[in-house]
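Everything quoted here is computed from the prediction, not taken from an experiment. Lettering follows sequence order; numbering is per chain, from 1.
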Amino acid sequence: MPGKSFLELNSPTIGEFNYPSNPHGAPALQHPDPEKETFVPLIEGQISMYCCGVTVYDYSHLGHARCNIVWDTLRRYLQWRGYRVRYVQNFTDIDDKILNRALQEGTTMEVISETYIAAYLEDMGRLNIKEADSYPRATHTLDGIKQLIHELEQKQMAYASGGDVYFSVRKFDGYGKLSGRTLDDMEAGRSGRVDVPATSDGSPPEAAKKRDPFDFALWKAAKPNEPFWESNWGNGRPGWHIECSAMVRDEFGDTIDIHMGGADLQFPHHENEIAQSESATGKSLAHYWLHNGMVNVGGEKMSKSLGNFTTIRQLLDEGGVEPMVLRLFLLQGQYRKPIDFTDEAIAATVNGWVTLQEGLRFADQFGSQLGWSGERDRGREDRDALELDAVDRFIAAMDDDLNTSGAIAILYELAKELRRVGNILTHEGKLDADAQVLQRQWHTLGVLADILGLKAEPETAPASGLSDAAIEALIQQRTCAKQAKDYAASDRIRDELKTQGINLIDKPGDVTLWTRS
RNA sequence: GGCGACAUGGCCAAGUGGUAAGGCAAGGGUCUGCAAAACCCUCAUCCCCCGGUUCGAAUCCGGGUGUCGCCUCCA
């Protein structure tokens, strides 16, 4: 059991994750029918997580945002459950697309990748995604990559051919076990998008160097004027799949607990990782494989190649969408299912976030009035500070294959109650609830929201330049106008204040309350 | 062609054998000079279709239909 955490007291078991696990030859893999399986870490109390990251040649889009938000949330949750988590995510900084972009812009691959790594970290930071414990890069992993390829060659699982090195897919028995396919069932290139373009430099096309169409490149010979690394096979650069195998090994060893990535990586990327790593080590690469569903636009996958993507910064900067709205939107669906990105859905989420945010800010607004400070420094393990019923239901939802949608429903319950009480306080000036219970609800809301990475910024300073005294004076004028039944004048004052973000609330007896929105 | 996933109200989305959470939107009401805010209430006899199992199914089984993903690169 994971260390000392209050959750241990509540719930002796942890999560169920819906995907096939991957111990070598485990029955679950012969029947890839996803069955939920109780999560058990390799080492008690510790969890190793590796997430396939991005190729850094452009700004990240909403699909990347989803992947990062979902796995960041899983990480936060497991940490909160008391596990020590080590989280690693790679940057692919060797790739044709980076190379092309460098060529286009008359610069180097390093400049391009540095630029977009910085942009990536900035974007993800805005979405409140915790930084990984390590961000290995392909260009920093060459030794490990070459070593792995060498071992595969020695084990006769790989062969050199025309300066390239390929993995012999058919020699690996379990190939296809993760995605539930067999080589014989698949027709290579069936998608109809695989052409074998003639190479410009007259070198043989890749297909001609492969012994089997399913074989994939571990090492690619450098073309003229391309950056390269020296190797036993000649100057070249690593293929894509091999970097992850090498990085996992460097960072963690042979086997990790959880390997994550987008559903589009399941085949062939993850399948290839398994083939490489398990051929080399003879051990299972990862015990759990988790794949997040795609972000769709009009029912189609958002992707670079379809050109239907929105970058994170476009949405946040040009679209004026708050980062937490995007986060909430992407967590509203279960992580495995596709989620449709529409203006309407974002608009609905904006309203939803207002509600949650009001709840999270409750203490700023009413805490002192109720005699409790807004500080949230009571320990998270302090059961007395939490609304245990809500916490239990939250845990039950999250344990069930990360049901964030169900978990968010609990946040709404808490936030709506706080908002209701807050509004009554504002409008009626009285309290119809127990102050201590409210404090507990607010504290709980904050703790649970934090697990989902949802964070309310403190309310910004009022936009209005009007001083309280000036506002009071205008209200006084308005009251006089009302008493004189000069409603045109009174409404003018109301409208004017409204444009300054001041809302007036009329009460019986010519009393007018005001709030800054 | 193969493999995989999904189909719940206007939109989003839980629920996986015991009689449909939640959010958004909408409608009605209270209040009000008006308006806004606020508060209260309502909103799927039904879960893509057809069979079957069961005392009982959105939930299990069989068969359809539709949508999407993967079989280049992709989160």
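In this structure, the aromatic ring of A:Tyr487 is positioned over the six-membered ring of the base of B:G33, centres within 5.5 Å and planes within 30°.
Distance A:Trp353 CH2 to B:C12 P: 23 Å, rounded to the nearest Å. Rounded to whole angstrom, the span from the CZ atom of A:Arg327 across to the C1' atom of B:C12 amounts to 19 Å. Straight-line distance from the NZ atom of A:Lys485 to the P atom of B:U32: 14 Å, rounded to whole Å. The distance from atom CG of A:Asp264 to atom C1' of B:C3 is 16 Å, rounded to the nearest whole Å. Spacing between atom CD of A:Gln332 and atom P of B:G23 amounts to 11 Å, rounded to whole angstrom units. Taking atom CZ of A:Phe267 as the reference point, atom P of B:A75 lies 18 Å away to the nearest angstrom. The separation between A:Asp343 atom CG and B:C12 atom C1' is 14 Å, rounded to whole Å. A straight line from CD1 of A:Ile410 to C1' of B:G15 spans 13 Å, rounded to a whole angstrom.
Using a 4.0 Å cut-off between charged side-chain N and carboxylate O, A:Asp96 and A:Arg237 make a salt bridge.
Contact annotation for A:Gly63: base contact, defined as any heavy-atom pair under 4.0 Å involving a base atom. When heavy atoms are screened at a 4.0 angstrom cut-off, A:Asp491 is found touching base atoms of the nucleic acid. Using a 4.0 Å heavy-atom distance criterion, A:Lys301 is classed as a base contact. Residue A:Thr355 is classed as a sugar-phosphate contact, given heavy-atom separations below 4.0 Å to backbone atoms only. Using a 4.0 Å heavy-atom distance criterion, A:Asn423 is classed as a sugar-phosphate-only contact. Among the heavy atoms of the strands lying under 4.0 Å from A:Arg478 is at least one base atom, whether or not backbone atoms are also near. A:Asn403 comes within 4.0 angstrom of sugar-phosphate atoms only, judged by non-hydrogen atoms across all strands, and of no base. Using a 4.0 Å heavy-atom distance criterion, A:Val350 is classed as making no nucleic acid contact. Among the heavy atoms of the strands lying under 4.0 Å from A:His61 is at least one base atom, whether or not backbone atoms are also near. If you check every strand for non-hydrogen atoms under 4.0 Å, A:Leu504 touches a base. Here A:Gln334 lies in heavy-atom contact (under 4.0 Å) with sugar-phosphate atoms only. Looking at heavy-atom distances under 4.0 Å, A:Gly53 makes contact with sugar-phosphate atoms alone, never a base. At a threshold of 4.0 angstrom between heavy atoms, the contacts of A:Met302 include nucleobase atoms, whether or not backbone atoms are also involved. The residue A:Ala348 sits close only to the backbone: its heavy atoms come under 4.0 Å of sugar-phosphate atoms, none of a base.
B:C49 and B:A57: their C1' atoms are spaced 16 Å apart (whole Å). For the C1' atoms, the distance linking B:A14 with B:G22 amounts to 7 Å, nearest Å. B:U16 and B:C31 have their C1' atoms separated by 46 Å, with the value rounded to a whole Å. On the C1' atoms, B:C60 is 9 Å away from B:U54, given to the nearest whole Å. Distance check on atom C1': B:G10 versus B:A44 gives 12 Å, rounded to whole Å. Rounded to whole Å, the P atom of B:C24 lies 14 Å from the corresponding atom of B:A37. A gap of 24 Å separates the P atoms of B:G63 and B:C55, to the nearest Å. Rounded to whole Å, the P atom of B:A7 lies 14 Å from the corresponding atom of B:C61.
Under the Watson-Crick or G-U wobble criterion, with both distances below 3.5 Å, B:U59 is left unpaired in every strand shown. If you check B:U54 for Watson-Crick or wobble pairing at under 3.5 angstrom, you find it has no partner at all. Across every strand in view, B:C3 sits in a pair with B:G69 that passes the Watson-Crick or G-U test at under 3.5 angstrom. Base pairing of B:C24: its partner is B:G10, meeting the Watson-Crick or G-U wobble criterion (both donor-acceptor distances under 3.5 Å). Searching all strands for a Watson-Crick or G-U wobble partner of B:C46 with both distances below 3.5 Å returns nothing. Base-pair partner of B:U19: not found among the strands shown (Watson-Crick or G-U wobble, both distances under 3.5 Å). The pairing partner recorded for B:A37 is none, the criterion being a Watson-Crick or G-U wobble arrangement whose two distances lie under 3.5 angstrom.
Relative orientation of the A:Tyr288 and A:Phe39 rings is tilted, given thresholds of 30° and 60° on the angle between their planes. Using cut-offs of 30° and 60° on the angle between ring planes, the pair A:Tyr135 and A:Phe91 is parallel.
For the pair A:Arg101 and A:Tyr57, the cation does not sit on the ring face, since its NZ or CZ is not both under 6.0 Å from the ring centre and inside 45° of the axis.
Distances were taken from every side-chain heavy atom of A:Arg181 (C-beta onward) to each of B:G33, B:G69, B:G23; the shortest belongs to B:G69. In the set B:A75, B:G33, B:C68, B:A75 carries the atom at the smallest distance from any side-chain atom of A:Cys67. Across B:G15, B:A75, B:C71, the shortest atom-to-atom separation from the side chain of A:Asp400 is found for B:G15.
If you check distances only, the side chain of A:Arg66 never reaches the base of B:A75 with a donor-acceptor pair under 3.5 Å.
At a threshold of 4.5 Å between non-hydrogen side-chain atoms, the residues A:Trp353 and A:Leu360 count as touching. A heavy-atom distance below 4.5 Å is not found between the side chains of A:Phe167 and A:Asp212. Contact check for A:Tyr59 versus A:Phe309: no side-chain heavy atoms found under the 4.5 Å cut-off.
The closest side-chain donor-acceptor pair between A:Arg313 and A:Thr311, if any, does not fall under 3.5 angstrom. Under 3.5 Å, the side chains of A:Thr355 and A:Arg419 contain a donor-acceptor pair of N or O atoms.
Close to B:A25, at under 4.0 Å from its OP1 or OP2, lies a side-chain N or O of A:Asn351. Side-chain nitrogen and oxygen atoms of A:Lys416 include at least one within less than 4.0 Å of the OP1 or OP2 phosphate oxygen of B:C24. Close to B:G15, at under 4.0 Å from its OP1 or OP2, lies no side-chain N or O of A:Ser405. Put simply, A:Lys337 has no side-chain N or O that comes within less than 4.0 Å of OP1 or OP2 on B:C68.
A residue-by-residue look at A:Glu300 and A:Asp340 shows that A:Asp340 has its nearest nucleotide of RNA chain B further toward the 5' end. Nearest-nucleotide positions on RNA chain B place A:Thr182 closer to the 5' end than the other of A:Glu344 and A:Thr182.
For the atom pair CD (A:Glu251) and CG (A:Asn90), the distance works out to 10.0 Å, reported to the nearest 0.5 Å.
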